[in-house]
A.B. asks: 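I'd like to ask some things about the structure below.
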Amino acid sequence: MSETSFAEIDVKLPPTAAELPSEDNIPMETQRHKMQMDLLIDTTEIWLAQRSDGYASGNMFVYFSLEQIRNRDFRGPDFFAVLGVPKRERLSWVVWEEGKAPDVVIELLSESTARFDKNEKKLIYQNQLRVPEYYWFDPFNPDDWAGFYLQGGTYQPLRVNDQDRLVSRSLNLALVRWYGNYRGVETTWLRWATLEGELIPTLAEQERQQAEQERQQAEQARQQAEQERQRAEQERQRAEQVESQLGQIVRRMLSQGMSLTQVAELTGLAESQIEKLGS
């Protein structure tokens with residue numbers, strides 16, 4: 001039996017990522033929204049660098065249905081992360097090419113999107129994409145944050161633990177509200193941390209940590225060198241003290257009329273050494 005191509009039986013394949021729109025020319029809500037998105041993506045990429053798999057991005061189209069193409073419904077999540085996929089550049093996230101939807105999605109709320117993110121969009125992630133974990137956070141109102149995990153096909157609320165963290169079961173990390181300065185803006189940011197509470201560093205923080213470690217190592221090396229110099233100086237002083245005491249003994253023995261041979265026998269020194277010490 002001869003092979004039959006898709007073209008011969010007129011089967012239309014779904015479009016690829018290269019064929020799908022990857023831009024909508026719609027900017028982020030505010031600079032802080034953009035910075036918050038970057039903070040989440042950058043720290044996730046630092047964490048993923050320790051793994052051989054995984055992908056993180058944001059404000060990127062996520063295609064899960066051909067209806068999106070017909071309806072031109074191209075808006076994507078502010079942040080998403082996926083494990084178990086190759087590390088490579090993407091134009092957009094196409095579920096039928098990747099073989100799975102994101103594991104974690106985070107939406108950054110604003111006055112214009114909060115109602116949609118908390119209702120219709122949440123249902124899309126629950127019913128159509130089947131995203132295991134969904135979170136939202138308002139960069140201008142940090143008290144408005146929440147997390148959900150998919151159980152039995154329905155999102156169940158995640159409870160904040162005793163350390164005021166939302167724990168991601170998919171990533172085995174925790175989301176924390178961190179008050180600090182990021183790119184010159186001091187406010188409360190949403191950040192990833194280990195389950196022990198250690199913040200996943202940004203690239204700049206990682207570079208500062210490495211520079212501080214190198215400075216500490218250089219300081220330790222300087223202190224060790226100084227200690228070695230001080231020990232050498234102490235040894236030199238002790239040697240000079242011993243030589244001075246030995247010279248006094250030799251000179252006293254010679255002054256008492258002993259010969260070089262007698263002093264040499266008593267001290268175990270060579271006669272040439274005795275002559276030098278006695279001079």
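Please read all numbers here as calculations on a predicted model, not as lab measurements.
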A.B. asks: For a quick test of reading the model, state the closest non-hydrogen atom pair linking S52 to K87 and the distance between them.
C.D. replies: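 The pair with the smallest heavy-atom distance is C-CE, 4.0 Å.
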A.B. asks: Check the side chains of S110 and S112 for a donor-acceptor pair under 3.5 angstrom, ignoring hydrogens and angles.
C.D. replies: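 There is such a pair between these side chains.
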A.B. asks: Under the rule for side-chain contact (heavy atoms from CB on, under 4.5 Å), what residues qualify as partners of E89, not counting sequence neighbours?
C.D. replies: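 Counting only residues at least two positions away or on another chain, E89 forms no side-chain contact (heavy atoms from CB on, under 4.5 Å).
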A.B. asks: Can any side-chain N or O of Q262 pair as donor or acceptor with the backbone N or O of S259 at less than 3.5 Å?
C.D. replies: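 Answer holds: yes.
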A.B. asks: List for me each residue that meets side-chain contact (heavy atoms from CB on, under 4.5 Å) alongside F140, sequence neighbours excluded, and say none if there are none.
C.D. replies: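 With neighbours one apart ignored, the set is T30, R32, H33, D138.
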A.B. asks: After noting the C-alpha distance and the side-chain angles of R191 and L175, does the key distance pass the side-chain contact (heavy atoms from CB on, under 4.5 Å) rule?
C.D. replies: CA-CA 6 Å; R191 293 191 60 163; L175 279 171; over 6 Å; no
A.B. asks: Could you tell me the separation between the CG atom of L108 and the CG atom of L190, rounded to the nearest 0.5 Å?
C.D. replies: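 Answer rounded to 0.5 Å: 8.0 Å.
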A.B. asks: Say you draw a straight line from CG of L48 to CD1 of I41; how long is it, rounded to the nearest 0.5 Å?
C.D. replies: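 The CD1 atom of I41 is 11.5 Å from CG of L48, to the nearest 0.5 Å.
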A.B. asks: Is the NZ atom of K276 crowded by more than 12 outside heavy atoms at less than 6.0 Å?
C.D. replies: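 No - once you tally the heavy atoms of other residues, nucleotides and ligands closer than 6.0 Å, there are 12 at most.
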A.B. asks: Quick one: pull up CE in M37 and CG in D42 and give me the separation to the nearest 0.5 Å.
C.D. replies: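 Spacing of CE (M37) from CG (D42) equals 9.0 Å.
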A.B. asks: According to side chain to side chain donor-acceptor pair (under 3.5 Å), who are the partners of D164, at least two apart in sequence or on a separate chain?
C.D. replies: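 Once residues adjacent in sequence are excluded, the partners of D164 under the side chain to side chain donor-acceptor pair (under 3.5 Å) criterion are R177.
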A.B. asks: Begin with the C-alpha distance, continue with both residues' side-chain angles, and end with the deciding distance and a verdict on side-chain contact (heavy atoms from CB on, under 4.5 Å) for V105 and Y135.
C.D. replies: CA-CA 6 Å; V105 164; Y135 302 86; over 6 Å; no
A.B. asks: When D117 is tested against each of K121, E120, R115 for side-chain contact (heavy atoms from CB on, under 4.5 Å), which residue passes?
C.D. replies: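 Among K121, E120, R115, the one that satisfies the side-chain contact (heavy atoms from CB on, under 4.5 Å) with D117 is K121.
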A.B. asks: Against P77, only a single residue in F61, Y125, Y134 fulfils side-chain contact (heavy atoms from CB on, under 4.5 Å); can you say which?
C.D. replies: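 Only match with P77 under side-chain contact (heavy atoms from CB on, under 4.5 Å): Y125.
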A.B. asks: If you round to the nearest 0.5 Å, how far is OG1 of T194 from CG of N172?
C.D. replies: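 Answer rounded to 0.5 Å: 9.5 Å.
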A.B. asks: Could you tell me whether a side-chain N or O of N59 sits under 3.5 Å from a main-chain N or O of D78, the two making a donor and an acceptor?
C.D. replies: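 Side chain of N59 to backbone of D78, a donor-acceptor pair under 3.5 Å: no, none is there.
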A.B. asks: Contact between P201 and T43 at the side-chain level, heavy atoms closer than 4.5 Å - yes or no?
C.D. replies: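 A side-chain contact under 4.5 Å is absent here.
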A.B. asks: Enumerate, atom names and distances included, each donor-acceptor pair closer than 3.5 Å involving a side-chain atom of residues 144-153, sequence neighbours excluded.
C.D. replies:
unit_1, atom_1, unit_2, atom_2, d
D144, OD1, K118, NZ, 3.3
D144, OD1, W136, NE1, 3.2
D144, OD2, K118, NZ, 2.9

A.B. asks: Check residues 241-255 and write down every donor-acceptor pair under 3.5 Å in which the side-chain atom is one partner and the other belongs to a residue at least two apart or another chain.
C.D. replies:
unit_1, atom_1, unit_2, atom_2, d
R251, NH1, L277, O, 2.9
S255, OG, R251, O, 3.3
S255, OG, R252, O, 2.6

A.B. asks: May I ask you to test the E275-L260 pair for a side-chain heavy-atom distance under 4.5 Å?
C.D. replies: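 Counting from C-beta outward, E275 and L260 do come under 4.5 Å.
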A.B. asks: Rest of the hydrophobic cluster containing Y182 (Ile/Leu/Val/Met/Phe/Trp/Tyr, side-chain heavy atoms under 4.5 Å)?
C.D. replies: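 In the cluster with Y182 are M35, L39, V176, W178, V185, W189, L199.
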A.B. asks: Would you say R130's side chain and Q126's backbone share a donor-acceptor pair under 3.5 angstrom?
C.D. replies: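 Yes, the answer is positive, given that a donor and an acceptor are paired below the 3.5 Å cut-off.
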A.B. asks: How close do G84 and D53 get, heavy atom to heavy atom, and via which atoms?
C.D. replies: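 Shortest heavy-atom contact: N-OD2, 2.5 Å.
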A.B. asks: For E212, run the side-chain contact (heavy atoms from CB on, under 4.5 Å) check against E214, Q210, R215 and tell me which one passes.
C.D. replies: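 Going through E214, Q210, R215 one by one, the side-chain contact (heavy atoms from CB on, under 4.5 Å) with E212 is satisfied by R215 alone.
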A.B. asks: How about E228 and Q224: does a side-chain donor come under 3.5 Å of a side-chain acceptor?
C.D. replies: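 The answer is no; no qualifying pair exists.
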A.B. asks: Show the numbers, then the answer: is there a side-chain contact (heavy atoms from CB on, under 4.5 Å) between V131 and Y155?
C.D. replies: CA-CA 9 Å; V131 175; Y155 276 140; 3.5 Å; yes
A.B. asks: To the nearest 0.5 Å, tell me how far I106 CD1 sits from F79 CZ.
C.D. replies: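 If we round to the nearest 0.5 Å, I106:CD1 and F79:CZ are 5.0 Å apart.
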A.B. asks: Can you list everything that forms a side-chain contact (heavy atoms from CB on, under 4.5 Å) with Q273? Sequence neighbours excluded, please.
C.D. replies: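 So Q273 forms a side-chain contact (heavy atoms from CB on, under 4.5 Å) with L269, A270.
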A.B. asks: Please confirm whether the backbone N or O of Q227 pairs with a side-chain atom of Q230, one donor and one acceptor, at under 3.5 Å?
C.D. replies: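 Flag not set: sc Q230 to bb Q227 has no pair under 3.5 Å.
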A.B. asks: Looking only at heavy atoms, which two atoms of K34 and D38 are closest? And how far apart?
C.D. replies: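 Smallest heavy-atom distance, with atoms named: NZ-OD2, 2.6 Å.
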A.B. asks: So, using salt bridge (charged side-chain N to carboxylate O under 4.0 Å, His left out) as the criterion, who are the partners of R90 when residues are at least two apart?
C.D. replies: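 With sequence neighbours excluded, R90 shows a salt bridge (charged side-chain N to carboxylate O under 4.0 Å, His left out) to E98, given in chain and number order.
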A.B. asks: A side-chain contact here means heavy atoms from C-beta on lying under 4.5 Å apart; do P102 and L129 qualify?
C.D. replies: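 P102 reaches L129 side chain to side chain.
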A.B. asks: Looking at R159, I want to see if its CZ is surrounded by more than 12 non-hydrogen atoms of other residues, nucleotides or ligands under 6.0 Å.
C.D. replies: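 Result for CZ/R159: open.
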A.B. asks: Taking only residues two or more places apart in sequence or in another chain, which ones pass ring pair (Phe, Tyr, Trp, His ring centres under 6.0 Å) with Y55?
C.D. replies: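 W93.
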A.B. asks: Excluding sequence neighbours, so at least two apart, what forms side-chain contact (heavy atoms from CB on, under 4.5 Å) with S170?
C.D. replies: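 Expected list: D103, V104, P132, E133, S168.
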A.B. asks: Rounded at 0.5 Å granularity, tell me how far OG1 in T113 sits from CD in E111.
C.D. replies: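 Between T113 OG1 and E111 CD, I get 10.0 Å after rounding to 0.5 Å.
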A.B. asks: List, by chain and then residue number, the residues other than V167 in its hydrophobic cluster (Ile/Leu/Val/Met/Phe/Trp/Tyr, side-chain heavy atoms under 4.5 Å); write none if there are no others.
C.D. replies: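 When side chains under 4.5 Å apart are linked, the cluster holding V167 also contains L195.
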A.B. asks: For E240, give me all partners under side chain to side chain donor-acceptor pair (under 3.5 Å), at least two apart in sequence or on another chain.
C.D. replies: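 Partners of E240 by the side chain to side chain donor-acceptor pair (under 3.5 Å) criterion, ordered by chain and then number, come out as R236.
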A.B. asks: Verify side-chain contact (heavy atoms from CB on, under 4.5 Å) between K100 and V95, making sure each step is shown before the conclusion.
C.D. replies: CA-CA 5 Å; K100 66 178 297 187; V95 172; 6.0 Å; no
A.B. asks: I need the minimum non-hydrogen distance between G58 and F80, along with the two atoms involved.
C.D. replies: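 Scanning both residues, the minimum pair turns out to be N-CE2, 4.4 Å.
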A.B. asks: Looking only at non-hydrogen atoms, find the nearest pair between L171 and W47 and report the distance.
C.D. replies: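 Minimum heavy-atom contact is O-CZ2, 3.4 Å.
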A.B. asks: Which heavy-atom pair separates E45 from A56 by the least distance, and what is that distance?
C.D. replies: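 What the structure gives for the nearest pair is OE2-O, 3.9 Å.
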A.B. asks: Would L109 end up clustered with F116 when hydrophobic side chains under 4.5 Å apart are linked, directly or stepwise?
C.D. replies: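 Hydrophobic grouping puts L109 apart from F116.
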